[in-house]
Structure formats: structure tokens, C-alpha cells
Participant: 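A single structure is presented below for examination.
Computed from heavy atoms alone, side chains included, the values below leave out hydrogens, waters and symmetry copies. One-based numbering, in listed order, for ligands and for the atoms of each. The structure presented is a predicted model; accordingly, all values stated were derived computationally and were not measured.
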Amino acid sequence: MNRSWDADLLVVGAGPAGVAAAVMASSLRMTCVVVEAEQVGAKLRSIGALENVPGGWSTGTALAGALAGDLARHQELGRVSMLSGRAVRVAGHDGRAEVALDDGRVLTASAVVVATGVTALAPKDVPWAEAPSTGCLPLWRSTAEDLEGRRVVILGADRPLGTWLRAHPQAMVHFDVLFPEADRYKTDEVADDPRLRLDLVDRVTVALVPKGLRITAWHPASGTHTFVVDTVLGNMGSKPAAVPGLVVGADGYCPPDKQHPRVLVAGDLKGARMQRIAVAMGDGARAALEPYYRAQALLG
Ligand SMILES: Cc1cc2nc3c(=O)[nH]c(=O)nc-3n(C[C@H](O)[C@H](O)[C@H](O)COP(=O)(O)OP(=O)(O)OC[C@H]3O[C@@H](n4cnc5c(N)ncnc54)[C@H](O)[C@@H]3O)c2cc1C
């Protein structure tokens, strides 16, 4: 087992919350190791249009670049180190916090901020849809070039649909959006877009066939319909990306007040409400302040 003992703070996840935690820690002269499974701002990089973001960034790629630049500056100061890897376990102990990575490394510091965000729901996570595990990527990870000229079914009417359409106003796409009753209230903001057909369904199954993907949809009013499409994308909502070892509530999120005192959670992972970039940044910075003030108190 490979151990590292020398950081004041570990940060898991380099989204807006994790980067804010690392920048705050470094600004307070704490040393900090940031563990990221993909790349800085991995989620942001697929978001084509942003609103209400500190700094006024209007695309996710631009914000992700700015976050990477902030981290790089603190790396140059010698107080932030970046580590590529996936955290598979976090734990708080007397006097230290630990993070185990998928390659067997175990990192130790006086506290850890976990900011792993949320991840897209797959058909297996919802009661109303069934699909093969391959062939159902999240809508918001797709570009206009991926979808133009294809017959596309979207499963679910979650908010990324509106974001995608705003980000690609010129895209010549036609989306058949099959959504459950629970998503009906989210369809208002996209109902006028002529590139969509919105279909309320009780249930949908997707099967791989030689010519593409066969959709069978059960409509509450008109019964069962079967048709074949080129592409099926998921837009069914999200679930917390909780790292094992965190205390998880009944809704799957990780309440901050239930964690070990050396394990802090920040950003989207905390709860379904207030999932915004500004909130994630404020949260990450505040999480890094807790171990700082604890250490100051010990110093007297
Ligand atoms: C389509 C879409 C549009 C949006 N539009 C807006 C908007 O206009 N304005 C706004 O304010 N908000 C918007 N949001 C919400 C915003 O993106 C989130 O609130 C914000 O990204 C949350 O930041 P976070 O740091 O908590 O998590 P994330 O940004 O999800 O970052 C989590 C990071 O952790 C990494 N990670 C996950 N698991 C592990 C692991 N086990 N080990 C290591 N690393 C891991 C991920 O790769 C990722 O980089 C939008 C979201 C979506 C999906």
C-alpha cells in the first residue's frame, strides 16, 4: 500500500466546489492534494450554455478553463498537487482523514473535502424505462454534430433538455421526448421549440435490433407504439456520486452534519436543492475553512 502523509487537506473532485476548496486552502497556506477521476471541470465541459455563474462565464468549457487556470496558479505556488485517480473510499479517524484510490494508493491528511457532484441516472435507475446498458448516453454530453440528421429519442424531460436547445439554437435536430408524468412540469420551458415532440408515457422499453434501436412506448391515452430510431439519449435526472465511506441519507445525498468531523462534503453532493455553480463554489470555500479554523484553535 502506497501512503502519502504530507497534505493538510485532501479534495476529491475538481468541479466548482472542489476547486474552490483547493484555492481557499492554498490561499490560507494549507497544502492540498486534489484527486480528480477525469479532468478539471469534467462535467462543465459538456455544458454548452450557462446562466448565473460567478465571473459571468457563459459556457461550461470557458468556466472549466478558468478553474484549471486557478488550480495551475496554486500548483505553481507549490501548495496544490493534482492527482489523477478515482476515489473508492473515504474515512475519518481520530487525528486524520483517508482517501483510497482505485489503483491502491491511500492518501492521508488532516481533513478531506468530498465534492464529487451528481451523475446522470440510467434507465436501470428509474422504474419507467428499460434499455440495454450500452447506447443510452446522457443528452447533455452530446454535440449538435452527433445528432444532426439522426432520428433521436430522448428518455425524460429533465432540465438539461432546455439547456441543450439554448446552447444549439441553429441545430437542425428532431427530438422525440418520451417523459413520465413526474417530468410534466419541466416541459413548459421547452414546449414551444418546434424541434421537439413531447410524448407523455407510462413506460418505455428500448431493444437493439439490426436497423437501430426499437422503442416500445406505452402512452396513457393512445396505447402502445413501436418504432425504430438511430439514437436514444438519457435525460432522466441525476443521482449523487457518493464515495463509499460517506454517510448517505434516505435520498442518496450526503448530509454534511452526519459525516465524521474530518470528512466535509460540498457542492451538488450535499442535496438536491440549490444545485448551482455559485452554491458549489461558496460551499467548497467554506468547507476548506473548517479544518483551517480547527487547526488555528489548536495552535491557540
Ligand atoms: C446540463 C446542465 C446545465 C447546467 N447549467 C447550470 C447553469 O446554467 N448555472 C448553474 O449555476 N449551474 C448549472 N448546472 C449545475 C452545475 O453544473 C452544478 O451545480 C455544479 O457543476 C456542481 O459542482 P460540483 O463541484 O458540486 O460537482 P461537479 O461539477 O459535478 O464536479 C464533480 C467532479 O468530481 C469528479 N468525480 C466524481 N466522482 C469522483 C471520484 N470518485 N473520484 C474522483 N473524482 C470524482 C468528477 O469527474 C467531477 O469533475 C448545470 C448542470 C447541467 C448537467
Participant: Check whether any protein heavy atom sits under 4.0 Å from atom 14 (N) of ligand 1.
Facilitator: no
Participant: Does Lys43 reach ligand 1 with a nitrogen or oxygen that is under 3.5 Å from one of the ligand's nitrogen or oxygen atoms?
Facilitator: yes
Participant: Check each atom of ligand 1 against the heavy atoms of Gly267 and keep those under 4.0 Å away; list them by number with element.
Facilitator: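 Checking each atom against Gly267, I get 26 (O).
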Participant: Measure Ala115 to ligand 1 on non-hydrogen atoms and call it side chain, backbone, both or neither using the 4.0 Å cut-off.
Facilitator: backbone
Participant: Between Val23 and Leu10, is there a shared hydrophobic cluster once you connect ILVMFWY residues whose side-chain heavy atoms come closer than 4.5 Å?
Facilitator: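 Val23 and Leu10: separate clusters.
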Participant: I'd like to check which ligand 1 atoms, numbered from 1 as shown, lie under 4.0 Å from a non-hydrogen atom of Ala17.
Facilitator: 25 (O), 26 (O)
Participant: Among protein heavy atoms, which sits nearest to atom 34 (O) of ligand 1, and what does the distance come to when rounded to 0.1 Å?
Facilitator: Gly13 CA, 3.3 Å
Participant: For Gly15, counting its heavy atoms only, list the atoms of ligand 1 lying under 4.0 Å from any of them.
Facilitator: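 Matching atoms, with element in brackets: 25 (O), 29 (O), 31 (O), 33 (C).
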Participant: Using a strict cut-off of less than 4.0 Å between a Lys/Arg side-chain nitrogen and an Asp/Glu carboxylate oxygen, indicate whether Arg166 and Glu51 qualify as a salt bridge.
Facilitator: yes
Participant: Looking at Ala241, is its backbone amide N or carbonyl O close enough to the side chain of Thr116 to form a donor-acceptor pair, meaning the two atoms are under 3.5 Å apart?
Facilitator: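 Looks like yes, one N/O pair under 3.5 Å.
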Participant: If hydrogens are left out, which of Asn235, Thr116, Leu44, Leu67 has an atom nearest to atom 39 (C) of ligand 1, that is, the closest non-hydrogen atom?
Facilitator: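 The nearest heavy atom belongs to Thr116.
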Participant: Please classify the Ile47 to ligand 1 contact at 4.0 Å (heavy-atom distances, strictly less than): side chain, backbone, both or neither.
Facilitator: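 It is the side chain that touches ligand 1; the backbone stays farther off.
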Participant: Who's the nearest protein heavy-atom neighbour of atom 42 (N) of ligand 1, and how far?
Facilitator: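 I find the closest protein heavy atom is Ala87 N, 2.9 Å.
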Participant: Please could you name the atoms of ligand 1 that Asp268 approaches to less than 4.0 Å, counting only its heavy atoms?
Facilitator: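 Listed by number with element: 18 (C), 19 (O), 20 (C), 22 (C), 26 (O).
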Participant: Starting from atom 44 (N) of ligand 1, locate the nearest protein heavy atom and write down its residue, its atom name and how far away it is, to 0.1 Å.
Facilitator: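 Ranking protein heavy atoms by distance from atom 44 (N) of ligand 1, first comes Ala37 N, 3.2 Å.
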Participant: May I ask you to say whether Arg73 pairs ionically with Glu76, meaning some side-chain N is under 4.0 Å from a carboxylate O?
Facilitator: no
Participant: Which atoms from ligand 1 have a heavy atom of Val12 less than 4.0 Å away?
Facilitator: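 Taking each heavy atom of Val12 in turn, ligand 1 has 42 (N), 43 (C) under 4.0 Å.
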Participant: Pairing donors with acceptors under 3.5 angstrom, does anything connect the side chains of Ser110 and Asp8?
Facilitator: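 Distance-only check fails for Ser110 and Asp8.
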Participant: Evaluate Ala241 for polar contact with ligand 1, using N/O atom pairs at a separation under 3.5 Å.
Facilitator: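 Looking only at distances, the answer is no, because the N/O contact criterion of under 3.5 Å is not met.
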Participant: Between Arg203 and Glu130, does at least one N-O distance fall below 4.0 Å, as a salt bridge requires?
Facilitator: yes
Participant: Can you establish whether the number of heavy atoms outside Arg214 located under 6.0 Å from its atom CZ is more than 12?
Facilitator: no
Participant: Going by heavy-atom distance to atom 28 (P) of ligand 1, choose the closest among Pro54, Gly117, Ala20.
Facilitator: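 Looking at heavy atoms only, Gly117 sits closest to atom 28 (P) of ligand 1.
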Participant: Can you tell me if Gly85 contacts ligand 1 (heavy atom of the residue under 4.0 Å from the ligand)?
Facilitator: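 Yes; Gly85 lies near enough to ligand 1 that a heavy-atom distance drops under 4.0 Å.
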Participant: Give the numbers and elements of all ligand 1 atoms closer than 4.0 Å to a heavy atom of Leu50.
Facilitator: 5 (N), 6 (C), 7 (C), 8 (O)
Participant: Would you find more than 12 non-hydrogen atoms of other residues, nucleotides or ligands less than 6.0 Å from Asp103 atom CG?
Facilitator: yes
Participant: Which distance, rounded to the nearest 0.5 Å, do you find between the CZ of Arg141 and the CG of Asp146?
Facilitator: 12.5 Å
Participant: For atom 11 (O) of ligand 1, grab the closest protein heavy atom and report residue, atom and distance to one decimal in Å.
Facilitator: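 For atom 11 (O) of ligand 1, the nearest protein heavy atom comes out as Ile277 N, 2.9 Å.
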Participant: Any idea which part of Val40 is under 4.0 Å from ligand 1, heavy-atom wise: side chain, backbone, both or neither?
Facilitator: neither
Participant: Are Arg197 and Asp176 within salt-bridge range, i.e. N to O under 4.0 Å?
Facilitator: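 So Arg197 pairs with Asp176 through a salt bridge.
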Participant: In terms of atom number and element, which parts of ligand 1 are under 4.0 angstrom from non-hydrogen atoms of Pro160?
Facilitator: 1 (C)
Participant: Of all the atoms in ligand 1, which lie at a distance below 4.0 Å from a heavy atom belonging to Gln275?
Facilitator: 15 (C), 19 (O)
Participant: Hey, is the main chain of Leu178 close enough, under 3.5 Å, to the side chain of Asp199 for a donor-acceptor pair?
Facilitator: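 Not a single qualifying donor-acceptor pair exists.
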Participant: Between CG of Asp192 and CG of Leu165, what distance do you get to the nearest 0.5 Å?
Facilitator: 11.5 Å
Participant: Do me a favour and list the nearest non-hydrogen protein atom to atom 10 (C) of ligand 1 with residue, atom name and distance?
Facilitator: Arg276 NH2, 3.4 Å
Participant: Less than 3.5 Å between some nitrogen or oxygen of Trp140 and one of ligand 1, yes or no?
Facilitator: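 Checking ligand 1 against Trp140, no N or O pair falls under 3.5 Å apart.
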Participant: Any nitrogen or oxygen of Thr163, side chain or backbone, less than 3.5 Å from one on ligand 1?
Facilitator: no
Participant: Kindly give the heavy-atom pair with the smallest separation between Pro255 and Val247, and that separation in Å.
Facilitator: CD-O, 3.7 Å
Participant: For Gln275 and Asp268, indicate whether the former's side chain and the latter's backbone hold a donor-acceptor pair under 3.5 Å.
Facilitator: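 Side chain of Gln275 to backbone of Asp268: a pair is present.
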Participant: What residue and atom, counting heavy atoms only, is the protein's closest point to atom 8 (O) of ligand 1, and at what distance?
Facilitator: Glu51 N, 2.7 Å
Participant: Indicate yes or no: does an N/O atom of Leu269 lie under 3.5 Å from an N/O atom of ligand 1?
Facilitator: no
Participant: Counting non-hydrogen protein atoms only, what is the nearest one to atom 23 (O) of ligand 1? Give residue, atom name and distance.
Facilitator: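 Looking at atom 23 (O) of ligand 1, the protein heavy atom closest to it is Pro16 CD, 3.4 Å.
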Participant: Taking all heavy atoms of Pro240 and all of Gly252, pick out the closest pair and write down the distance.
Facilitator: CG-O, 3.0 Å
Participant: Tell me the protein heavy atom at minimum distance from atom 48 (C) of ligand 1, and give that distance in Å.
Facilitator: Glu36 OE1, 3.6 Å
Participant: Would you kindly confirm whether Met82 and Leu44 end up in one hydrophobic cluster when ILVMFWY residues are joined by side chain heavy atoms under 4.5 Å apart?
Facilitator: yes
